[in-house]
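In each ligand, atom 1 is the first atom listed, and ligand 1 is the first ligand listed.
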Amino acid sequence: MILVTGGCGYIGSHTVVELCNAGYEEIVIVDDLRNASIDVLDRIKQIVPSVSLHFYQVDINDEEGLEKVFSTHNIETVVHFAGLKAVGESVREPLLYYQNNISGTLVLLKVMARHGCKEIIFSSSATVYGPKNPIPYLEEMDTSATNPYGWTKVMQEQILRDIAVADPEMRVALLRYFNPIGAHESGLIGENPNGIPNNLLPYICKVAVGKLEKLSVFGNDYDTPDGTGVRDYIHVVDLAIGHVKALQYIRKNAGVLTVNLGTGIGYSVLDIVKAYEKASGRTIPYVIVDRRPGDIACNYANAEKAKELLGWTAERNLDDMCRDSWRFTEKNL
Ligand code: NAD
Ligand code: UD1
């Protein structure tokens, strides 16, 4: 059976749906609901009625709680999403991030080892390429970070590589996500962060429905075609399917798989604004402000390795991403 930690969250919920679509219909979810709502479980069931979900509201730092889950179910694979992800918050509260992301993962790995569970798929991030690598990013480049959130990803990757050296039977996938956006086409699950969003798309969504007045574009003097920052945005459903492919891969191959999950295409902030205006029929007012400290001009993936090893490429384009995001936004925000 598959355990999905953080399975009620944004990427986790979409991955549960795609696992079920691929025939993995019985799934255990562990989520302490610190950044998700219990309603997501019903919504997943509406999308994939054949799914059989076993839900535990447990913090992954709670060893006893996890022990009960592993004693109740025969967990073969863990898809590990549970973690905190806000860069600015991680700078203000580094201990919270090291505790939750690193210690939480150590507890999870300890319980997995006790139960002979040797397969783990981990949510890493393009942030591990740090500020200095040339683009497009290739998996063999050196990793580093510029903030505690990023360091937790660099360190968790290292811990997982070390474990795989110590135990050759381990099967580990380190999936480096680029910028996931969009929502399930049903409009039932998507991203709706609490408070004022930090990331571009969630912010634009709130402007589109009138909950925020205007977008601040962080700089238009970068060395990019229109001067605004360029990123590799990927539809969350494509990303979720990437996890299914990674699962199928590690079931055939022991050791560590490290792959980028991106499209290989970069879009600017203003490209995104235009595409969202087209999808929603709403105007997105914006102002140009100073650059955000820590931002780089441009990043995107070299997506060849995932294509070669997993037979996976992102299939949904920017219009699909904005259309699906808008459908979720209209229904839920
Ligand atoms: P999310 O916040 O929507 O999902 C994370 C889930 O984990 C939430 O449901 C939260 O309640 C749960 N959680 C957090 N700490 C927990 C704990 N200690 N015990 C149990 N549950 C806990 O975030 P997401 O966007 O779905 O991201 C999932 C993973 O992917 C994270 O590890 C994140 O760092 C990584 N990631 C996300 C992005 C992105 O842009 N969204 C990019 C790269 C990597
Ligand atoms: C951010 C994180 C990164 C994390 C990723 C996914 C930072 C510095 N980086 O990436 O570590 O893995 O989210 O969670 O926070 N923008 C605006 N106005 C806004 C918001 C964003 O102009 O209100 C611009 C940014 O300058 C950037 C682009 O939009 O050029 C995308 O920003 P964002 O969605 O925050 O993602 P990243 O910065 O790529």
Side-chain angles (χ1 to χ4, degrees), residues 4-15 29-38 40 56-62 65-66 79-91 96-97 99-101 103-105 107-108 122-131 145-147 149-150 152-153 156 175-181 189-194 196-204 206-207 212 214-220 222 224 228-234 236 239-240 261 266-270 272-273 286-300:
V4 181
T5 73
C8 296
Y10 174 46
I11 307 171
S13 57
H14 289 84
T15 301
I29 294 179
V30 165
D31 195 308
D32 67 1
L33 299 178
R34 76 179 65 197
N35 197 33
S37 155
I38 188 82
V40 167
Y56 295 87
Q57 186 171 355
V58 166
D59 181 335
I60 56 162
N61 288 280
D62 169 6
L66 277 187
V79 190
H80 180 31
F81 295 101
L84 293 169
K85 61 167 184 176
V87 171
E89 184 184 54
S90 82
V91 174
L96 175 67
Y97 274 67
Q99 173 68 47
N100 195 49
N101 293 5
S103 300
T105 297
V107 171
L108 173 67
F122 173 63
S123 300
S124 189
S125 165
T127 198
V128 303
Y129 289 107
T146 53
N147 55 69
Y149 164 73
T152 70
K153 293 295 178 194
Q156 286 173 99
L175 304 183
R176 294 179 177 163
Y177 312 156
F178 281 70
N179 290 45
I181 61 171
I189 53 174
E191 187 178 26
N192 185 10
N194 294 329
I196 297 178
N198 301 305
N199 296 114
L200 180 63
L201 233 285
Y203 201 104
I204 288 180
K206 292 216 171 172
V207 174
L212 290 170
K214 57 180 182 297
L215 171 71
S216 295
V217 175
F218 298 144
N220 67 349
Y222 285 108
T224 59
T228 65
V230 167
R231 297 290 184 275
D232 184 339
Y233 296 92
I234 174 171
V236 65
L239 188 69
L261 294 181
Y267 286 109
S268 74
V269 176
L270 295 182
I272 302 294
V273 169
Y286 67 85
V287 282
I288 308 289
V289 300
D290 286 346
R291 293 179 178 192
R292 181 171 63 180
D295 272 358
I296 54 173
C298 179
N299 82 34
Y300 51 89

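Atom numbering of ligand 2 starts at 1 in the shown order; those under 4.0 Å from a heavy atom of V217 are 22 (O). Listed by number with element, the atoms of ligand 2 under 4.0 Å from a non-hydrogen atom of N179 are 36 (O), 37 (P), 39 (O). Listed by number with element, the atoms of ligand 2 under 4.0 Å from a non-hydrogen atom of Y149 are 11 (O), 12 (O). Near T127, meaning under 4.0 Å from one of its heavy atoms, ligand 2 places the atoms 11 (O).
Listed by chain and number, residues touching ligand 1 at under 4.0 Å (heavy atoms only) are G6, C8, G9, Y10, I11, D31, D32, L33, R34, N35, A36, V58, D59, I60, N61, F81, A82, G83, K85, N100, S123, S124, S125, Y149, K153, Y177, P180.
For a threshold of 3.5 Å applied to N or O pairs, the pair formed by S125 and ligand 2 contains at least one separation below that value. Between N147 and ligand 2, no pair of N/O atoms sits closer than 3.5 Å. Taking distance alone, with nitrogen or oxygen atoms compared against 3.5 Å, L200 approaches ligand 2 more closely than that limit.
What you find for Y222 and G219 is that their closest heavy atoms are CD1-O, 4.2 Å. Considering every non-hydrogen atom in both A297 and T224, the closest pair reads O-CG2, 3.8 Å. Taking each heavy atom of C8 and A36 in turn, the nearest pair found is O-CB, 3.4 Å. When all heavy atoms of N101 and Q156 are compared, the pair lying nearest together is O-OE1, 2.9 Å.
In this structure, of G88, P197, S90, G229, the residue bringing a heavy atom nearest to atom 30 (O) of ligand 2 is G229. Closest to atom 13 (O) of ligand 2 by heavy atom, among L215, N199, L212, is N199. The option with the heavy atom closest to atom 20 (C) of ligand 2, from among Y203, F218, Y177, F178, is F218.
Summarising the geometry, atom CD1 belonging to I196 is positioned 8.5 Å from atom NZ belonging to K206; distances are rounded to the nearest 0.5 Å.
In this structure, S268 and V230 have side chains that are in contact, with non-hydrogen atoms separated by less than 4.5 Å. Between N147 and Y97 there is no side-chain heavy-atom pair separated by less than 4.5 Å. A 4.5 Å side-chain heavy-atom check between P131 and T146 finds at least one atom pair inside the cut-off. In this structure, the side chains of L84 and R34 come closer than 4.5 Å at one or more pairs of heavy atoms.
In terms of protein heavy atoms, atom 32 (O) of ligand 2 is closest to R292 NH2, 3.5 Å. Of all protein heavy atoms, the one lying nearest to atom 9 (N) of ligand 2 is V87 CG2, 3.7 Å. Here the protein heavy atom with the shortest distance to atom 18 (N) of ligand 2 is S216 O, 2.7 Å. For atom 24 (C) of ligand 2, the nearest non-hydrogen atom of the protein is V269 CG2, 3.6 Å. Looking at atom 27 (C) of ligand 2, its nearest protein heavy atom turns out to be R231 NH2, 3.7 Å. Atom 25 (C) of ligand 2 has its closest protein heavy atom at D295 OD2, 3.4 Å.
With a heavy-atom cut-off of 4.0 Å, R291 does not touch ligand 2 at all. Neither the backbone nor the side chain of L201 comes within 4.0 Å of ligand 2, counting heavy atoms alone. Residue contacts with ligand 2, taken as heavy atom pairs separated by less than 4.0 Å, do not involve P180 at all.
The shortest heavy-atom distance from G150 to ligand 2 is not under 4.0 Å. The shortest heavy-atom distance from Y233 to ligand 2 is under 4.0 Å. Residue contact check for ligand 2: Y222 places no non-hydrogen atom closer than 4.0 Å to it.
Counting non-hydrogen atoms of other residues, nucleotides and ligands closer than 6.0 Å to OH of Y286 gives a total of 12 or fewer.
By the salt bridge (Lys or Arg N to Asp or Glu O under 4.0 Å) test, K153 pairs with no residue at all, sequence neighbours left out.
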